[in-house]
Amino acid sequence: RQTNYYLAQGRGIRRIVALFDNIEDLVTENDRRYDEDAATFDQDRLQTAYDILTRTLPWIVTRSSELEHDDYLRMIKMLRQGADGARGDDTSKLKALVADWVNRELKPNPPVDPDDKHTRGFINDACGKLLCPAELDWNNPATKAGIRDRSEGYIVMELSFPAFLYERYTANLDDLEAGLFKGRILVQGFKAVFTSPSSAKDVEGDGDGADIIENNRRARRAGWGLKVKKHVRFALSSITSWRTVDGDFDYIQFWRSIVDFFERPPGREAQRRVNKLLEWWTRKVFGRSRREDLTDAVRSGMSVNALARQRAELDNATFDSN
């Protein structure tokens, strides 16, 4: 029973704590800081993940201090297995879903095979369009040939944002932040993983409406779910089993660049834009609230209030008759 508990608790780690780092590395970095104050950029990253871990699993610090060393190692192993198992489930789930979304939206001929990843990646025109670096034009035959041949100037690395991250899958080279992380398939991937596959069918709407962030505990973690973009890229690619490097593309560095975009903005204006983007995501995923738009007259006519009023009136009438 305890093993199942640790496995279940570990399933959220790859989603909202750290996509690649081991729990042991997070704990080691936190322990190191009791003796040393100086920290590198990567060490700060580990410490941030440790802080999120202890907020996500608040029992872990006390439990770790109570357990014997062997039991502690067993607990960490189970948490890691749960975390990696959930990541595997997410990538497997998106394999077929992403194929369906691409077929519905881009209508490739022939369609993307939901069961065969060998026909995806840059050899597939639809998948190639979505994986193409934002600074390149997939419609240019020279771009397609250069990427497929891995020619100089067309090497696809983690230093390029794939087109699927952008709204309408197109980047403005003069303003690369415009539309970034608003791609339709990206939103669908998030909803499939964090809410349900059926909810991913509905991603329309402009995201306007009352601010529901403070009223929805799940919404406060919406930004962490943006890490699902790694899963979407994997689903579009032709590699059949998970690995951290795909050709010249390093998934770990890709993920870190995205986390840094949200967690390390260069200034206040950049932070304001990040907050605005996260609010857009929250409303896009969890819907919009219209509660504040309701007038008192409308509220009073709703059945709960109307019933309370009717019951009071009946009691008053009975009292008056007596």
Side-chain angles (χ1 to χ4, degrees), residues 19-20 90-91 94-190 226-262 266 277:
L19 192 57
F20 295 103
D90 291 340
T91 55
L94 289 176
K95 175 183 174 182
L97 288 173
V98 167
D100 180 58
W101 301 333
V102 172
N103 290 336
R104 289 176 181 272
E105 185 172 1
L106 301 183
K107 297 177 174 55
N109 186 21
V112 178
D113 189 332
D115 300 315
D116 185 8
K117 291 204 70 194
H118 292 95
T119 58
R120 303 187 192 185
F122 290 107
I123 64 171
N124 181 289
D125 196 58
C127 293
K129 172 183 173 66
L130 297 172
L131 291 170
C132 182
E135 65 271 20
L136 299 178
D137 180 10
W138 181 252
N139 294 319
N140 185 337
T143 298
K144 295 181 184 180
I147 288 176
R148 288 167 177 167
D149 294 339
R150 297 168 75 177
S151 303
E152 185 177 355
Y154 297 96
I155 302 298
V156 178
M157 297 178 59
E158 67 282 354
L159 294 177
S160 296
F161 286 124
F164 77 82
L165 295 181
Y166 281 90
E167 190 172 20
R168 298 185 181 88
Y169 313 130
T170 303
N172 178 355
L173 298 185
D174 294 323
D175 183 5
L176 287 169
E177 193 171 345
L180 182 59
F181 304 127
K182 290 187 175 182
R184 177 186 173 89
I185 284 180
L186 180 61
V187 177
Q188 288 177 300
F190 180 100
L226 293 175
K227 297 171 186 178
V228 80
K229 55 185 59 64
K230 184 275 299 182
H231 294 307
V232 174
R233 191 194 188 280
F234 175 77
L236 289 167
S237 74
S238 59
I239 57 175
T240 56
S241 59
W242 169 246
R243 54 178 180 263
T244 58
V245 177
D246 173 12
D248 301 296
F249 193 95
D250 188 321
Y251 278 101
I252 295 179
Q253 295 304 322
F254 176 55
W255 170 68
R256 287 177 175 173
S257 296
I258 293 167
V259 173
D260 289 343
F261 175 90
F262 288 96
L277 176 59

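Residue numbers run from 1 in the order of the sequence given.
One finds no salt bridge joining Arg120 and Asp113 here, because no Lys/Arg side-chain nitrogen approaches an Asp/Glu carboxylate oxygen to under 4.0 Å. Between Asp100 and Arg104 there is a salt bridge, with a side-chain nitrogen of the basic residue lying less than 4.0 Å from a carboxylate oxygen of the acidic one.
Contact annotation: the side chain of Asp250 never approaches that of Met157 to less than 4.5 Å [non-hydrogen atoms, C-beta and beyond]. Side-chain contact between Val156 and Leu131 is absent, with no heavy-atom pair separated by less than 4.5 Å. Residues Pro162 and Phe254 form a side-chain contact, since some pair of their non-hydrogen atoms from C-beta on lies under 4.5 Å apart. Contact annotation: the side chain of Leu173 approaches that of Glu135 to within less than 4.5 Å [non-hydrogen atoms, C-beta and beyond].
Here the shortest heavy-atom pairing between Ala235 and Leu94 reads CB-O, 3.8 Å. In plain terms, the two heavy atoms of Glu105 and Tyr169 that are nearest each other are OE1-OH, 2.8 Å. Counting all heavy atoms, side chain and backbone alike, Val232 lies closest to Gly189 at CG2-CA, 4.3 Å. Of all heavy-atom pairs between Cys127 and Asn124, the closest is N-OD1, 3.0 Å. Considering all non-hydrogen atoms of both residues, Phe261 and Leu180 come closest at CE1-CD2, 4.1 Å. Of all heavy-atom pairs between Pro108 and Val102, the closest is CD-O, 3.7 Å.
No cation-pi contact links Lys144 to Tyr154, judged by a cut-off of 6.0 Å to the six-membered ring centre and 45° from its axis.
With hydrogens and angles ignored, the 3.5 Å screen pairs a side-chain donor or acceptor of Trp138 with a backbone N or O of Asp125. Remark: side-chain polar atoms of Asn103 are paired, donor with acceptor, to backbone N or O of Val112 under 3.5 angstrom. Without hydrogens or angle criteria, Lys95 side chain to Pro114 main chain gives no donor-acceptor distance under 3.5 Å. With Asp116 contributing its side chain and His118 its backbone, the two residues share a donor-acceptor pair below 3.5 Å. With hydrogens and angles disregarded, a donor-acceptor distance shorter than 3.5 Å links the side chain of Lys117 to the backbone of Ile239.
Considering only residues two or more places apart in sequence or on other chains, Arg168 meets the side chain to side chain donor-acceptor pair (under 3.5 Å) condition with none of them.
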Report task. Would you please test Thr143 and Cys132 for side chain to side chain contact (heavy atoms under 4.5 Å, CB included) and show each step? Result -> CA-CA 9 Å; Thr143 298; Cys132 182; 4.2 Å; yes
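Atom-to-atom distance recorded for Asp149:CG and Phe122:CZ is 12.5 Å, nearest 0.5 angstrom. Remark: Asp90 CG to Leu19 CG distance equals 9.5 Å, nearest 0.5 Å. Atom CD1 of Ile155 is separated from atom CD1 of Ile147 by 9.5 Å, given to the nearest 0.5 angstrom. To the nearest 0.5 Å, atom CH2 of residue Trp101 and atom CD of residue Gln188 are 5.0 Å apart. Atom CZ of Phe249 is separated from atom CG of Leu159 by 9.0 Å, given to the nearest 0.5 angstrom. The CD atom of Glu167 sits 12.0 Å away from the CG atom of Asn172 when rounded to the nearest 0.5 Å.
A ring-centre distance under 6.0 Å is not found for Tyr166 and Phe181.
In summary, the side chains of Ser257 and Glu158 do not present any donor paired with an acceptor at a separation below 3.5 Å, with no hydrogens or angles considered. Looking at Tyr251 and Arg233, their side chains do bring a donor and an acceptor atom within 3.5 Å of each other.
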